Number of protein chains: 2
Amino acid sequence: MSVDLKEIKNEFKKFLKRKNMKVTQSRLDLIDLIADYGKHFEVEELVNWIATRTDRGVSRSTIYRTIKLLQEFGVIKEVIKLSNRTIYEFVVGKAHHDHLVCVECGNIIEFVNEDIEKLQDEVCEQYEFQPIHHRLEIFGICSECREKKVT
Amino acid sequence: MSVDLKEIKNEFKKFLKRKNMKVTQSRLDLIDLIADYGKHFEVEELVNWIATRTDRGVSRSTIYRTIKLLQEFGVIKEVIKLSNRTIYEFVVGKAHHDHLVCVECGNIIEFVNEDIEKLQDEVCEQYEFQPIHHRLEIFGICSECREKKVT
DNA sequence: ATGAGTGCAAAGTATTTGCACGTAC
DNA sequence: GTACGTGCAAATACTTTGCACTCAT
C-alpha cells in the first residue's frame, strides 16, 4: 500500500488536539487496524477480525465512537447503506469513487467517473447547494452472477 | 395529482394475484394513504399521520410488510438513508430523480439529470453489470441554510 | 491531579417475527 | 373451510449511552 499511515496518524493527532481531545492508543491503533484490514467493512466484521489479533483489542463502543471521529476527520466513509447494513471504507489514498453493489452475491465494485462528479457539481450550483459529500450506489447483478443464471 | 390511482391499484391487484397473494383492504388502502400523504416519508411519520385519519387504520407491521411489497411492485423507493433513518418515496408519475439532502435543516430537494443517468448506464455496461436501481444522495447545505449562516 | 476515554452492560431505535384471530377466496 | 393477512407484543439487529475505572496530559 502506498499510503503513509504514519503521516495520517500525525494529522489525526493534530486533528484531535485541535478539538481538545486526547491522543489515545485505541484511536491510533484503530487506524492501523482498519488500514490492515484493507477492504470495505461492517462494524461487526471489524470487531471479529480485531478479536483474532490477540495483541491489541478495541471494544465495539470505541470502534463506533472512533469511526465517527474518523469520518469527521475524513479518512472513513459510509459507502453503502443496504437494508440495515452499513458498509464503511477507508478512503485514504484513493480517488473518490462510487459503487456497484451486486444484490445476488453482495460483491462491491468500485468505479471512478469524473464526468458524473462534474455533473453533480453543476446540479449543486444550480440549486445553490453546497455539497459536503455524496453517495452513489447502483444496485444490480454483477457479471459473474449473470453468467451463473444463464448456465 | 395526475396519477391514476385506480389504475395503479388494479395493476397491484394483478401483481398480488401473480404472486398468489391476497388482495386485502389494508394493502389497497395503503396505496391511497401514501398517495394522499404526498411527500417523502418515514415509517414512523406515516404511522402517526394515518392514526389521525380515524376512518381507516393500518398497523405498523402491516405498513412495513406492505412497503416491501410496494417496493417490489415498483411504486415505492427507499430514497434516503441517513444514519438510522430511512426515507421512502411514492415514485409513481414522476421521472426518475435523485436528491440533495440538507444536513442542517433536513430539507430534501429533488433533481433530474438525464446525463448522470446515461453515464451510470455506461459505467454499468463497462462492468457488464445489470443495474436494477440506484440511489444518489448529495449531502450538503441548502441555499436557505447558507444564507442564515452568513447573517 | 483531573477530566476525557474506555469497556461493559443496559438502553434506545428501527425493523422483523410468532402467534392467535380475522378475512379473502 | 382453509390458508394467508393482520395486529399485537415480543424478539432481533444495530447503535448509543451511563457509569465506574483507566489513562493522557
Side-chain angles (χ1 to χ4, degrees), chain A residues 9-10 12-33 40-51 53-73 76 78-88 106, chain B residues 9-10 12-31 33 40-51 53-73 76-88 106:
Chain A
K9 283 190 282 184
N10 278 334
F12 188 50
K13 284 180 194 171
K14 287 184 205 162
F15 170 85
L16 289 171
K17 281 174 186 156
R18 249 180 279 134
K19 294 176 69 82
N20 291 312
M21 297 180 88
K22 289 179 181 170
V23 175
T24 66
Q25 201 56 48
S26 299
R27 287 176 177 159
L28 296 177
D29 279 357
L30 209 52
I31 291 182
D32 285 325
L33 288 163
H40 299 99
F41 64 91
E42 289 179 75
V43 172
E44 198 57 30
E45 202 179 332
L46 192 64
V47 168
N48 295 335
W49 183 76
I50 289 178
R53 318 193 101 214
T54 44
D55 49 337
R56 350 172 235 190
V58 183
S59 77
R60 194 182 310 268
S61 323
T62 298
I63 291 179
Y64 275 109
R65 287 189 271 232
T66 308
I67 281 178
K68 285 213 162 165
L69 277 175
L70 292 173
Q71 278 187 265
E72 196 186 331
F73 178 53
I76 280 184
E78 250 180 30
V79 291
I80 293 159
K81 284 278 200 176
L82 186 47
S83 60
N84 37 14
R85 299 169 60 200
T86 300
I87 300 176
Y88 297 92
Chain B
K9 283 190 282 185
N10 277 334
F12 188 50
K13 285 179 192 173
K14 288 184 204 161
F15 169 86
L16 290 171
K17 282 174 184 158
R18 250 181 279 134
K19 294 176 70 80
N20 291 312
M21 297 180 88
K22 290 179 180 169
V23 174
T24 66
Q25 200 55 49
S26 298
R27 286 177 178 158
L28 296 178
D29 279 356
L30 210 52
I31 292 183
L33 288 163
H40 299 99
F41 64 92
E42 290 180 74
V43 172
E44 198 56 31
E45 203 179 330
L46 191 64
V47 168
N48 296 334
W49 183 76
I50 289 177
R53 317 192 101 215
T54 43
D55 49 337
R56 348 172 237 191
V58 184
S59 76
R60 193 181 311 266
S61 324
T62 298
I63 291 179
Y64 275 110
R65 288 187 272 232
T66 308
I67 282 177
K68 285 213 163 163
L69 278 176
L70 292 173
Q71 278 186 265
E72 197 186 330
F73 178 53
I76 280 184
K77 280 189 184 156
E78 249 180 32
V79 291
I80 293 160
K81 284 279 202 178
L82 187 47
S83 61
N84 37 14
R85 298 170 59 199
T86 301
I87 300 176
Y88 297 92

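Reminder, nothing fancy here: chain letters follow the sequence lines and each chain counts from 1. Quick caveat, the model's predicted, so the values are computed rather than measured.
Counting only residues at least two apart or in different chains, salt bridge (charged side-chain N to carboxylate O under 4.0 Å, His left out) contacts with residues 57-67 of chain B comprise B:Glu44-B:Arg60.
In this structure, CD1 in A:Ile87 is found 7.5 Å from NE2 in A:His40, a value given to the nearest 0.5 Å. Atom-to-atom distance recorded for B:Leu70:CG and B:Phe12:CZ is 4.5 Å, nearest 0.5 angstrom. Rounding to the nearest 0.5 Å places CD1 of B:Ile67 at 6.0 Å from CG of B:Leu46.
Nearest heavy atom pair, residue B:Gly57 against residue B:Ile50, reads CA-CG2, 4.2 Å.
Partner of A:Asp32 under the salt bridge (charged side-chain N to carboxylate O under 4.0 Å, His left out) criterion, chosen from A:Lys9, A:Arg53, A:Arg27: A:Lys9.
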Problem set entry | Criterion side-chain contact (heavy atoms from CB on, under 4.5 Å) on A:Leu33 and A:Leu30, from CA distance to verdict | CA-CA 5 Å; A:Leu33 288 163; A:Leu30 209 52; 4.3 Å; yes
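Contact check, B:Ser26 against D:dT6: a side-chain N or O comes under 4.0 Å of OP1 or OP2.
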Identify the pairs formed between an N or O of the protein and an N or O of nucleotides 22-25 of chain D at a distance under 3.5 Å, and give each distance.
residue: D:dA24; atom: O3'; partner: A:Val23; partner atom: O; Å: 3.3
residue: D:dA24; atom: N3; partner: A:Lys22; partner atom: NZ; Å: 3.4
residue: D:dT25; atom: OP1; partner: A:Val23; partner atom: N; Å: 3.4

Output one line per pair: protein atom, nucleotide atom from nucleotides 19-21 of chain C, and distance, for all N/O pairs under 3.5 Å.
none

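Under the 30°/60° scheme for interplanar angles, the aromatic rings of A:Tyr88 and A:Phe41 are found to lie parallel.
Straight-line distance from the CG atom of A:Leu30 to the P atom of C:dG5: 15 Å, rounded to whole Å. Here D:dG7 presents its P atom at 11 Å from CZ of B:Arg27, a figure rounded to the nearest Å. To the nearest angstrom, C1' of D:dC14 lies 14 Å from CG of A:Leu82. If you measure from atom CG of B:Asn20 to atom P of C:dA24, you get 17 Å, rounded to the nearest angstrom. Rounded to whole Å, the distance from NZ on A:Lys19 to C1' on C:dG5 is 15 Å. For the pair B:Leu16 CG and D:dC4 P, the computed distance is 14 Å after rounding to whole Å. If you measure from atom CG of A:Leu28 to atom C1' of C:dG5, you get 13 Å, rounded to the nearest angstrom. The CD1 atom of A:Ile50 sits 13 Å away from the P atom of C:dT6 (whole-angstrom rounding).
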Please tabulate, one pair per line, all N/O donor-acceptor pairs under 3.5 Å involving side-chain atoms of residues 13-21 of chain B, not counting sequence neighbours.
residue: B:Lys14; atom: NZ; partner: B:Glu11; partner atom: OE2; Å: 3.2
residue: B:Lys19; atom: NZ; partner: B:Glu72; partner atom: OE1; Å: 3.4
residue: B:Lys19; atom: NZ; partner: B:Glu72; partner atom: OE2; Å: 2.6

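Judged by distance alone, the side chain of A:Thr62 and the main-chain N or O of A:Val58 form no donor-acceptor pair under 3.5 Å.
For A:Glu42, the salt bridge (Lys or Arg N to Asp or Glu O under 4.0 Å) partners at least two apart in sequence or on another chain are A:Arg85.
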Exercise. Could you write nucleotides 9-15 of chain C as a row of B, S and -, 5' to 3', where a protein heavy atom under 4.0 Å of any base atom gives B, of only sugar-phosphate atoms gives S, and otherwise -?
Worked result: B----SB
